[in-house]
Amino acid sequence: MPYSDKLLFQVSKPARYSGGEWNSIQKNWDSTSLKFALSYPDVYEIGMSNMAMGILYENINSRSDCLAERVFAPWPDMIRMLRKTQLPLQSIESGHSLSEFDVIGFSLGYEFTFTNILSIIDLAGLPVWSKDRDSTSPLVVAGGSAALNPEPIADFIDLFIIGEVEDLLPSFLETLLSNKSPNGHFNKDLLLKELSKLPGVYVPSLYEVTYVDGLYQILTPITADAAIPIHRQLVPKLPPPPTKPIVPYMEIVHDRGAIEIARGCSHGCRFCNAGMIYRPVRERSREEIMLAIDTIMENSGYDEISLVSLSSGDYSQIDALVADITAKHGTGIALSLPSLHLDAHAIQLIENLPRHRKSGLTFAPEAGSARLQRVINKHIPEEELLATASLAFERGWTSLKLYFMLGLPTEQDDDVACIAELVGKVKAQAGKAPGRKPQIRLTLSTFVPKPHTPFQWVAQESADNLSRRHQLLRSLFSKSGVKYSYQDTRVSLLEALISRGDRRIGRVIYGAWRQGSVFDGWSEHFNFELWRKAMEEEGINPEWYACRKRPLDEILPWAHIDTGVSAEFLKDEYRRAMSATLTSDCRTFSCNACGLEGKWC
């Protein structure tokens, strides 16, 4: 049964748990064979904005023999209430305990949601370690971008789906249905072996883990059905998008309709995990996008639509698409274009959007010096940046946010000083604007070397050096009038530890969670001391994982996951980075032979 009003009145934002939203689906529980609980392990407002959740929800519920319901990480006040009342965590749609479902599926987008996974499993009344869950427990499945190094949470998850799920989903569901016994349970061991035969499925328990001199994690299959490597799944043509979004009763992070216009990015930024793992670029046709927009608006009532892509402005027909939408809907629709590569064309494109607001623009140069931009393969000529900023200010834009990273590979103090110099030049352009002087904001994040990128072998900068460089920048901006914000370096250290970790890091995640860590991605809940204690208890030195340069021939903990982008290409890009050599965009110039050519490009 759903949570009582008496309970919900005692927690903040009860609409996170009450359900009944427009377009939510509640099927007949008793007559449906296979039951999924889908979770993005963060708070409702964020999880409801996750596109993978919408894809899975519509695809699974489109079948008469399957149902999918939602569950998100309960906020700490709700966690306390559930423990106080000894109630289990329940699905939003029907109020069934998660322990009653056949499958609990997690969509993973960020490493700092991993303690929330343990919280969700535990609040369902289930053991958090997969080895302790028997055939009466739901199968715990995970996928998503943060599952491309599955090892840090491998001991909590029964199986991972590596890559894009749309084409694999039918055979996955059929395998589950055919292995369900008359008593409603699975023979877990037999099922996992059967599922491991499917492409892109990784079952951690079917591999023996050994370490060589405490350094290398070696995986050895213990059954003939367990593959090495596990190949990331790709859909060659994007399937029809979800067009019946659930409309929440409360505001969420992306409170609008969304249509994925393209998947993948070809810019080749060497620090960008998403740019590597979502290759190659695949686009939807203008006709399909137009139809999807009409259907989403009709089904949801939304009059704001986001055209989603890793780089929306790179959609090959973006101008014609915006013109088509504007001609059809006029001011009856608002469009948003996230992740634009800002230049003069982007400014014009934004101004062509119906009902656009001239409030704020965002540039992400990432590095201040031209040399460091070449290292990361994101070169934005200074004159182009300044000309675009000048054009924006002249046309009445009132705010500009600039994103940079500290601690990039080969970074020196001179490169850091170049950030202040470049921001100063942008601020000078703001002085030419008519009317109210625009506001300049600077946001600094710390570079985290991510798996499956050319920088997966580099070391994260030490905390001492990062602190010194922050101090340098603060001194340079002390009287500039530029608003300056930056990330806690301890957050970046832990992000590197988890994203680059092996299975031993699972004990650290468990230890931090047992001591109270949840919602680690939220500054008000992040507690480094809990993580420090957990690392000490397990004898883990975070700098060894995060701040150690790795030889190009070292066996990496995620080496058994084949994204399709070859190790040879990543090594070549690493070498080009060390010589500050740019690599061209393969959609504009020649193929860079990343490993996906031929079959996929």
Side-chain angles (χ1 to χ4, degrees), residues 112 269 271 342 359-376 378 380 382 385-386 388-390 392-393 397-433 436-449 455 458-497 520-529 531-532 542-543 546-547:
F112 273 5
C269 300
F271 59 84
L342 277 187
S359 52
L361 290 172
T362 299
F363 284 92
E366 311 295 1
S369 69
R371 182 198 69 83
L372 200 51
Q373 288 181 356
R374 292 194 300 273
V375 169
I376 65 176
K378 188 174 183 179
I380 304 174
E382 181 180 298
L385 173 62
L386 297 179
T388 305
S390 178
F393 295 144
W397 296 87
T398 58
S399 174
L400 182 62
K401 183 179 287 187
L402 295 166
Y403 280 99
F404 291 89
M405 282 192 281
L406 277 190
L408 286 164
T410 78
E411 180 183 84
Q412 302 296 323
D413 286 358
D414 287 347
D415 298 301
V416 177
C418 284
I419 295 175
E421 184 180 341
L422 183 58
V423 173
K425 291 178 180 179
V426 171
K427 187 171 182 292
Q429 302 301 314
K432 303 174 186 178
R436 183 166 65 91
K437 185 178 292 187
Q439 187 176 69
I440 309 295
R441 299 174 183 268
L442 172 64
T443 299
L444 282 165
S445 61
T446 301
F447 165 72
V448 177
F455 289 152
V458 306
Q460 187 176 57
E461 191 58 82
S462 69
D464 288 345
N465 269 342
L466 288 170
S467 297
R468 184 176 55 78
R469 289 174 185 168
H470 275 298
Q471 187 175 356
L472 170 62
L473 273 177
R474 281 197 297 272
S475 68
L476 294 171
F477 282 114
S478 60
K479 298 180 180 179
S480 67
V482 173
K483 291 198 172 183
Y484 172 85
S485 62
Y486 59 93
Q487 187 180 49
D488 187 333
T489 57
R490 298 174 301 175
V491 172
S492 304
L493 177 68
L494 283 178
E495 185 179 344
L497 167 74
D520 298 292
W522 294 70
S523 58
E524 64 265 44
H525 293 294
F526 176 71
N527 187 333
F528 183 76
E529 185 62 20
W531 284 91
R532 186 190 64 76
E543 284 81 9
C547 305

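Because only heavy atoms are used, hydrogens play no part in the values below, and waters and symmetry mates are left out as well, while side chains stay in.
Between the side chain of K378 and the backbone N or O of F271 there is no donor-acceptor pair closer than 3.5 Å. At distances below 3.5 Å, at least one donor-acceptor pair connects side-chain atoms of E411 with backbone N or O atoms of G407. S390 places no side-chain N or O within 3.5 Å of a backbone atom of L386 that could act as its donor or acceptor partner.
In this structure, Q460 and L493 approach most closely via the heavy-atom pair OE1-CA, 3.5 Å. Residues L402 and F404 share a closest heavy-atom pair of CB-CE1, 3.8 Å. Minimum heavy-atom separation, F393 to W397: CD2-O, 3.8 Å. Between P542 and L497 the shortest heavy-atom distance is CA-CD1, 4.0 Å.
A side chain to side chain contact (heavy atoms under 4.5 Å, CB included) with I419 holds for exactly one of L472, L476, L473; it is L473.
For the atom pair Y403 OH and T443 OG1, the distance stands at 5.0 Å (nearest 0.5 Å). Annotation: the span from Q439 atom CD to K401 atom NZ amounts to 10.0 Å, rounded to 0.5 Å. Taken from CD1 in I440 to CZ in F363, the straight-line distance is 9.5 Å, to the nearest 0.5 Å.
By the side chain to side chain contact (heavy atoms under 4.5 Å, CB included) test, S445 pairs with M405, Q487, sequence neighbours left out. Taking R441 as the reference, nothing meets the salt bridge (Lys or Arg N to Asp or Glu O under 4.0 Å) condition, with sequence neighbours excluded.
Heavy-atom neighbours of E524 CD from other residues, nucleotides or ligands within 6.0 Å: above the threshold of 12.
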